[in-house]
Each structure stands twice: as C-alpha cells, then as structure tokens.
Number of protein chains: 2
Amino acid sequence: MNNQFKKIHQVISSYIEINNEEWISYSSKFRVKEIRKKEIILSQGDICRDVFFVVNGLLRVFFVDNNGEEKTFHFSFENTFSTDYESFLKKIPSSYSIQALEDTTVVLMSFEMLHDGYKILRNGEKLGRLLAEEYFFIFNDKIQAIYTQSPIVRYNNLTRKFPNILQRIPQHYIASYLNISSVHLSRLKNSQ
Amino acid sequence: MNNQFKKIHQVISSYIEINNEEWISYSSKFRVKEIRKKEIILSQGDICRDVFFVVNGLLRVFFVDNNGEEKTFHFSFENTFSTDYESFLKKIPSSYSIQALEDTTVVLMSFEMLHDGYKILRNGEKLGRLLAEEYFFIFNDKIQAIYTQSPIVRYNNLTRKFPNILQRIPQHYIASYLNISSVHLSRLKNSQ
DNA sequence: CAATGACGATAACATTTGTTATCAGTTTTA
DNA sequence: TAAAACTGATAACAAATGTTATCGTCATTG
C-alpha cells in the first residue's frame with residue numbers, strides 16, 4: 001500500500017469495516033499534495049472543495065474578523081483531518097483560511113469522492129456519520145473549554161497535550177488561538 | 001397522526017425520505033413528557049439517555065464551571081432538538097444540565113431507538129449523519145460568533161433573531177449565555 | 001394579602017485584558 | 001552575508017469587564 005495512505009487507512013478502519021477491494025477502489029481517488037511553509041491551501045471566501053488529511057507537517061486554520069485581525073481557530077497536526085466542514089458540505093464560501101506552518105504533505109479527499117463513498121462503501125453513510133460526529137466532538141470540547149477555562153489553563157492544557165507545540169508554533173498564533181493578545185499571553189506565562 | 005409528532009415528522013422528512021410504514025414503526029417508540037417550569041430533565045454528571053424534541057415551551061442547557069458558577073450554553077426553542085449529544089453518543093457523564101424555563105412538552109428519542117433507526121429506516125444512517133452535521137453547524141456558528149463578535153453584537157443578533165426572547169428568558173441567563181456578567185450586559189444595553 | 005425571592009438598573013471600585021511602543025535576539029530572504 | 005522580517009519580553013497606559021452592594025419593581029408562594 002502507498003505509504004502515505006497507511007495512516008489514513010488506519011484511521012478510516014477505526015471507524016468502519018472496510019475490505020481490501022473497497023479500500024483499493026476508494027483510495028485510488030485520493031490525491032496527494034505537497035504544501036510549502038506559509039502556503040495557503042484554502043482561502044476564506046472560496047468554497048472548500050476538499051477534506052485534507054495531514055500526513056506530515058502542520059496546518060493552521062484561521063479567519064480574519066471584522067476588524068481585519070487574524071484569529072487562529074485550530075491547528076491540524078499529523079494524522080488528523082482539516083477542512084472547513086461547513087463550507088465543504090454546504091458548498092458555501094469558506095469562513096476560514098488554511099495555511100501550512102511547515103512544509104506539509106496532505107491527502108485530498110474531494111466532496112465527490114466522499115459522497116461516492118456513501119454509496120460505494122457498504123458502510124459509507126456510517127463513515128460520514130462518524131466523521132461528522134467526531135468533528136462535532138472536537139467543537140463541543142472547544143466551546144466547553146472557552147466557557148469553563150481561563151486562558152492560562154487552556155494554555156497549560158495545550159502545552160501538556162502537545163509538548164512540542166512551542167517549538168513548532170509561534171507563540172502569537174497560540175495567543176490568537178486562545179483569543180487573547182500576544183502581550184497578554186506573554187504576561188500570563190511569565191507570572192504564573 | 002398524533003399531533004405532537006407532526007412537527008418532528010416534518011423535520012425528519014426534511015432530512016431523509018421516510019415512508020408511512022417506516023414512520024409508524026419509528027414513531028411508535030417515541031415517548032412524550034411534560035416538564036414543569038424549573039424542572040431539570042438532565043443533570044450534569046448523569047449519562048444523557050435521550051434526545052429531546054421540544055414540542056412547545058423552552059429549555060435551557062447549562063453547566064456549572066470550576067468556580068461553581070452556572071454558564072448558560074444554549075436555549076432550545078420549539079421544534080428543535082436538545083441534548084448533550086456527546087454524552088448521548090458516547091454514554092459518558094453529561095457535561096450539561098438541561099432545565100425547563102417554561103412548562104414544556106418534549107418528545108423523547110432514546111439511544112436505542114435512534115440506533116435501531118440506523119438499521120430499520122432505509123436512510124437511517126443518512127439521518128444520523130445529517131443530524132450530526134446539523135448539530136455541528138450550530139456549534140460551528142457558535143464558536144465563530146464567540147471569536148468574531150463582541151458581546152453586544154451577539155446580544156443584538158440574538159434579540160433580532162428571537163424578538164420575544166426578552167419576554168421569555170431572564171436577562172441574566174442571556175448574559176451568562178454571552179459569557180459576560182449580568183451587570184456588564186445591563187451596562188452595554190443601556191449605553192449603546 | 002403579606003412575605004419572600006427574583007430581577008434588572010446603577011454606582012464605586014478592583015481586576016483583567018488590550019494597545020502601543022521599544023528592544024534584543026533569531027530567522028528568513030534577497 | 002547583509003538586510004529585512006519575525007519573534008517574544010516588557011513597560012506604560014487605556015479600555016473593557018468583573019465584583020460587590022444597594023435599590024425599586026415585580027412575581028411567586030404560603
């Protein structure tokens with residue numbers, strides 16, 4: 001099996017039963033893309049045509065708010081999916097941009113192939129449901145964290161969960177992710 | 001058709017094709033529950049066993065944070081679903097409590113019947129997927145609002161979208177929903 | 001009907017967080 | 001390799017938001 005598809009196969013297999021034949025047919029439609037650091041693979045306002053699976057590297061999902069300021073919404077690490085799922089599903093302009101923070105390899109899954117999967121794979125609809133549910137869980141946790149945890153607690157949780165995040169992601173992006181200013185994060189860190 | 005099921009049939013029909021036979025078998029498992037004002041139908045920490053469909057009345061979804069303070073997370077109006085979907089799906093202790101703000105009638109859909117539906121209904125899995133997606137959209141919008149809009153803008157949007165909300169929901173719950181203090185909301189309102 | 005509690009406005013004050021600017025060290029780029 | 005851009009710390013100040021307390025009105029309850 002194409003080595004780049006190994007992990008994605010593993011992830012999908014954890015959701016549904018998929019046999020060899022199905023996988024060969026399904027994965028034949030994957031496309032692979034190399035993205036250079038700082039390159040943007042989805043621009044806010046464009047319709048999001050693909051779900052990206054990060055094989056290696058790192059993506060940043062962000063948007064520009066009404067005051068023209070970038071807000072970092074999510075970091076997509078290796079072996080996770082990244083997309084504007086609402087734009088992707090509804091074919092409406094994306095609210096987010098997605099940018100590579102490092103040279104990154106992604107597997108592209110188009111809307112068409114995902115929807116074909118609903119019919120072609122025996123458990124295609126189930127896969128769709130579980131993916132939607134999984135995405136939902138992420139957002140649910142995110143909202144709860146915002147409501148219940150102070151920025152510094154969220155920061156500590158983040159660095160505990162991803163110990164090398166500080167080596168890979170500039171601190172002001174993390175501040176933006178926490179929805180506080182970079183100055184404030186610096187203060188919080190150095191006074192706790 | 002049982003009149004209380006009319007709306008829920010309408011909503012489900014908007015998601016998938018469901019014929020009369022399927023509907024009769026499916027809806028026969030619904031249970032109806034009357035909840036008195038202030039009554040709690042889901043307690044934080046319990047496993048959420050049902051999805052609630054609000055026939056009439058009004059529910060408040062909230063949780064108690066680490067400082068012992070209630071944070072209102074969501075208001076469930078007529079003809080919408082309400083639940084702790086993560087607790088419900090994963091059978092883990094609920095992060096939320098759900099309380100009636102008015103005398104309320106709900107239709108209960110248990111985990112078992114929803115999952116039976118995945119098999120019994122021709123489009124059961126699709127229904128599950130679309131419900132998960134729909135729930136996801138709500139959360140996506142919620143997070144975006146938090147990141148991009150100031151509390152007073154969110155307040156104005158809320159009152160524009162639900163003009164009678166002020167008659168039905170105490171203001172301090174709305175403040176909690178906006179994640180600001182009730183004093184601050186009062187100030188914002190009366191100074192804009 | 002009286003007592004109690006819930007509700008929302010307001011004031012005074014404390015705390016948190018943002019803004020702007022500067023600086024030194026580092027990385028990127030031409 | 002030199003210039004430019006990026007990064008994070010820090011200080012000084014401004015703005016936003018929270019906390020506590022008080023008050024009058026209204027709704028609920030016994």
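In what follows, chains are A, B, ... by sequence order, proteins preceding strands, each numbered from 1.
An angle of 50°, rounded to 10°, separates the two end axes of the helix from C:dC1-D:dG30 to C:dA30-D:dT1, each defined over five pairs.
If you take CD of B:Gln99 and P of C:dA6, they are 12 Å apart, rounded to a whole angstrom. Rounded to whole Å, atom P of C:dA9 lies 4 Å from atom NZ of B:Lys189.
In terms of the ring-ring contact (aromatic ring centres under 6.0 Å, His included) criterion, residue partners of A:Phe136 (sequence neighbours excluded) are, by chain and number, B:Tyr85, B:Tyr135, B:Phe139. Residues forming a side chain to side chain donor-acceptor pair (under 3.5 Å) with B:Ser94 (at least two apart in sequence, or on another chain): B:Asp84. Legend: residues meeting ring-ring contact (aromatic ring centres under 6.0 Å, His included) with B:Tyr177, ordered by chain and number and at least two apart, are B:Phe75. The side chain to side chain donor-acceptor pair (under 3.5 Å) search around B:Ser76 returns B:Ser82, not counting sequence neighbours. For A:Thr105, the side chain to side chain donor-acceptor pair (under 3.5 Å) partners at least two apart in sequence or on another chain are A:Glu34, A:Asn56. Residues forming a ring-ring contact (aromatic ring centres under 6.0 Å, His included) with B:Phe111 (at least two apart in sequence, or on another chain): B:Phe88, B:His115.
A:Thr104 places no side-chain N or O within 3.5 Å of a backbone atom of A:Ala100 that could act as its donor or acceptor partner.
Each salt bridge (Lys or Arg N to Asp or Glu O under 4.0 Å) pair with one or both residues in residues 7-21 of chain B, not counting sequence neighbours, appears once here: B:Glu17-B:Arg122. Screening residues 61-76 of chain A for salt bridge (Lys or Arg N to Asp or Glu O under 4.0 Å), with sequence neighbours left out, gives A:Arg60-A:Glu70. Applying the salt bridge (Lys or Arg N to Asp or Glu O under 4.0 Å) test to residues at least two apart or on different chains, the pairs with a partner in residues 125-147 of chain B are A:Glu125-B:Arg129, A:Arg129-B:Glu125, B:Arg129-B:Glu133.
A heavy-atom distance below 4.0 Å to DNA chain D is reached by these residues of residues 159-173 of chain A, ordered by number: A:Pro170, A:Gln171, A:His172.
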Practice task
Report, as a single string ordered 5' to 3', how protein heavy atoms within less than 4.0 Å touch nucleotides 13-30 of chain C: B base, S sugar-phosphate only, - not at all.
Solution key: ----SBBB-------S--
